[in-house]
Amino acid sequence: MKRFTFRLEAVRKLRTLLEERCRNELGHLMVERQNVLEQIAAVEKAIADAYREQEGHLAGGMRASHLAFFPMSTEGREARIRQLQTEVERLEGLIAEKRADLNQKRADLKLIENLREKDLRAWKKAYEKDENLKVEEMVQLWKENQRAGQEDV
């Protein structure tokens, strides 16, 4: 009997590749989101450092022109945080879309896998039936040969 071949094997491979690609894209989006969150944390740390530096300069005395620098610096950094938070929201939307897409691709692949398993079970059943018939025929031939051998004696 011939080997098992799944008639939709090409479709299964394609769906597997699409799922892997989607999973990779989702991973890249999540890494990008994490990088932006780390940038936000770095900017927040820079703001806290700027406040500490300002307090240190105020304790030691400073000119008014230097004092005006700190609010402008902090304002620019807070604007950068708002930009980064907008980017995080955009990435979270893309991540949600990609997760929904990945779930759909997994469902499609699972459907093909289930069809493959069903076909494989049917092939195994037919194969075992064919093998059992061959064994049964061999046993019948063996019994007939034994009977013929006993009649000759």
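Annotation for A46 and R77: closest pair O-NH1, 3.2 Å, computed over non-hydrogen atoms.
Placement of V36 and I95 within a single hydrophobic cluster is found when ILVMFWY residues are connected by side-chain heavy-atom separations under 4.5 Å, directly or transitively. The hydrophobic cluster containing L94 also contains L102, counting ILVMFWY residues as joined when their side-chain heavy atoms lie under 4.5 angstrom apart, directly or transitively. The hydrophobic clustering, which links ILVMFWY residues whose side-chain heavy atoms are closer than 4.5 Å, places L111 and F6 apart.
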task = Could you walk me through whether K143 and R147 pass the side chain to side chain contact (heavy atoms under 4.5 Å, CB included) test, one step at a time?
result = CA-CA 6 Å; K143 285 183 179 179; R147 282 187 214 144; 4.3 Å; yes

ask   = Please walk me through it: do L37 and Q34 pass side chain to side chain contact (heavy atoms under 4.5 Å, CB included)?
value = CA-CA 5 Å; L37 290 174; Q34 186 61 36; 4.1 Å; yes

task = Quick one: do Q39 and Q83 satisfy side chain to side chain contact (heavy atoms under 4.5 Å, CB included)? Show the steps, please.
result = CA-CA 11 Å; Q39 288 177 359; Q83 286 177 338; over 6 Å; no

ask   = Stepwise, does the salt bridge (charged side-chain N to carboxylate O under 4.0 Å, His left out) test hold for E87 with R90?
value = CA-CA 5 Å; E87 179 69 13; R90 183 187 72 81; 2.6 Å; yes

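A salt bridge links R12 to E9: one of the charged nitrogens lies within less than 4.0 Å of a carboxylate oxygen.
Rounding to the nearest 0.5 Å gives a distance of 11.0 Å between CG of L120 and OG1 of T5. Atom CG of L8 sits about 11.0 Å away from atom CZ of R116, to the nearest 0.5 Å. Taking OG1 from T74 and OH from Y51, the interatomic distance works out to 4.5 Å, rounded to the nearest 0.5 Å. Note that CG of L29 and CG of N24 are 11.0 Å apart. Values are rounded to the nearest 0.5 Å. Rounded to the nearest 0.5 angstrom, Q85 CD and E92 CD are separated by 10.5 Å. In this structure, CZ in R7 is found 4.5 Å from CG in D119, a value given to the nearest 0.5 Å.
Contact of the K134 side chain with the D130 side chain is registered, since non-hydrogen atoms from C-beta on lie closer than 4.5 Å. Looking at heavy atoms from C-beta onward, M30 lies in side-chain contact with R99 at the 4.5 angstrom threshold. Contact annotation: the side chain of R121 approaches that of K118 to within less than 4.5 Å [non-hydrogen atoms, C-beta and beyond]. Put simply, the side chain of R82 reaches to within 4.5 Å of the side chain of E78, judged on heavy atoms.
Residues satisfying the side-chain hydrogen bond (donor to acceptor under 3.5 Å, both in side chains) test with D108, not counting sequence neighbours, are Q104.
Checked against E19 for a salt bridge (Lys or Arg N to Asp or Glu O under 4.0 Å), the options R23, R15, R21 give a single hit: R23.
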